[in-house]
Amino acid sequence: MQPFPLIFSLLTLNLFFSQLLQLQALETCTSFSCNQRDPILFPFWVPKNQTSRCGYPGFELSCNSYSQTLLSLSSDPLIVRGISYPDQLLWVSDPNHCIPKRVLNLSLSSTPFSFGPYSSPYTFLNCSGSKNPAQLPMGSSVISCLSGPNYTVVATYGGEAEEKMVVKGGEWSCEIIKRVNAAFWWRNMGYGIYPSDMSDVYVQLSWDVPSCVDCFMRGGSCGLVGDSGLQVGCFLPASSGLPNSAKYGLILGAGIPGLLCIVGLTFYISSRISARNQNRRPTNTESSPSIFPQPIILTLGLDGPTIESYPKTILGESKRLPKPSDGTCPICLSDYQPKETLRSIPDCNHYFHADCIDEWLRMNATCPLCRNSPPQSSALDSC
Ligand SMILES: *[C@@H]1O[C@H](CO)[C@@H](O)[C@H](O)[C@H]1NC(C)=O
Ligand SMILES: *[C@@H]1O[C@H](CO)[C@@H](O)[C@H](O)[C@H]1NC(C)=O
């Protein structure tokens, strides 16, 4: 038997069946979105507005009156901030603006979800007295929503900050509340920048089952097969009416260059990530946190001419800076010295070492202190 016609007919058969399955999926499931923008896809589904064949058990979502998407893992829902279906990741925040409280009490064991996979070890500490976030050691953040007038709850990242704060009889007098492996996310994370307050950041969750990664890679969408049971199938895009020969031509013509682009992009992104990680912790790569490009709030950096257009200052002997900056560069945390070149961000007037902020702005189009976008060549929004 000749192999080619066999392969060809198998492919045709496969396409035929996938179209049948596609029809079935269309019949049983209407697409839905809480915000009219981001469609909710399998395995997630909204029981109020979709049939149970649209999603997988454990992935039920609902909408609130602000058109936000909610996930209820316990009695209190979490707000879904973004879902990356190909990576099987989602980001959630707390409607009451205290996500660390939720993380401390959350039990994921009876849910399809887990923290991470890019989770890091955080230690939550209860310290006596009221602490100024600016005095905390590097790698720690205040959690104002858990703190009271006579105590401050702090999250430390990595062992160093924790050691500094849990010294018996030391200036901090902190007690460990809990150690948690979780992935907290905030705008422009990375580059040694921790939010001064971790109360209202995002937490990343992931799921393994059902796995639709392969299906997404093939350009299909996942769904339940048939009228009952939990068998998951991959629905490839419906035929556009092209003859099969043209379709295979398209796959060869567009698919392979596309694949090369993706491979190139992946290499580019991972080289940038490793460059960033090296910048963060030059000596201690073991505990270096996983920093990945944020798929939901991805901000690209500024171009050279835009950065150059921001005002430069050379510090005099008096080292006096216009308000509201103090004497330390918030990026590299070293004090300003006379004759050093600083750059400020227009509008918000935050000052940094020119070298530090230039590198930052090449990766992030936002001020690292106030987190808003400085004006770019065209858009002039305030910082
Ligand atoms: C979704 O379901 C709820 C409750 O059944 C209903 O009030 C709402 O109008 C539905 N939304 C859409 C867009 O169908
Ligand atoms: C922190 O300690 C204070 C007493 O020092 C206590 O009242 C408070 O509940 C503790 N907070 C947490 C989150 O453990």
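Read the numbers this way: they start at 1 and go in the same order the structure lists the ligands and their atoms.
Looking only at protein heavy atoms, the nearest one to atom 8 (C) of ligand 1 is N49 ND2, 3.7 Å. Distance from atom 4 (C) of ligand 1 to its nearest protein heavy atom, with residue and atom name: K48 CD, 3.7 Å.
In the model, D76 has no side-chain atom that pairs as donor or acceptor with a side-chain atom of S74 under 3.5 Å. Side chains of S206 and Q88: no donor on one and acceptor on the other come within 3.5 Å.
Residues F184 and Y122 bring their aromatic ring centres within 6.0 Å.
Counting heavy atoms only, N126 comes closest to atom 1 (C) of ligand 2 of the residues T152, N126, V153.
The line from CG of L342 to NZ of K312 is 10.5 Å long, rounded to the nearest 0.5 Å.
Atom 11 (N) of ligand 1 lies below 4.0 Å from at least one non-hydrogen atom of the protein. Within the 4.0 angstrom cut-off, atom 14 (O) of ligand 1 has one or more protein heavy-atom neighbours.
The aromatic rings of W207 and F59 lie perpendicular to each other, with more than 60° between the two planes, well past the 30° mark.
Annotation for ligand 2: atoms under 4.0 Å from non-hydrogen atoms of Y151 are 1 (C), 3 (C), 7 (O), 8 (C), 10 (C), 11 (N).
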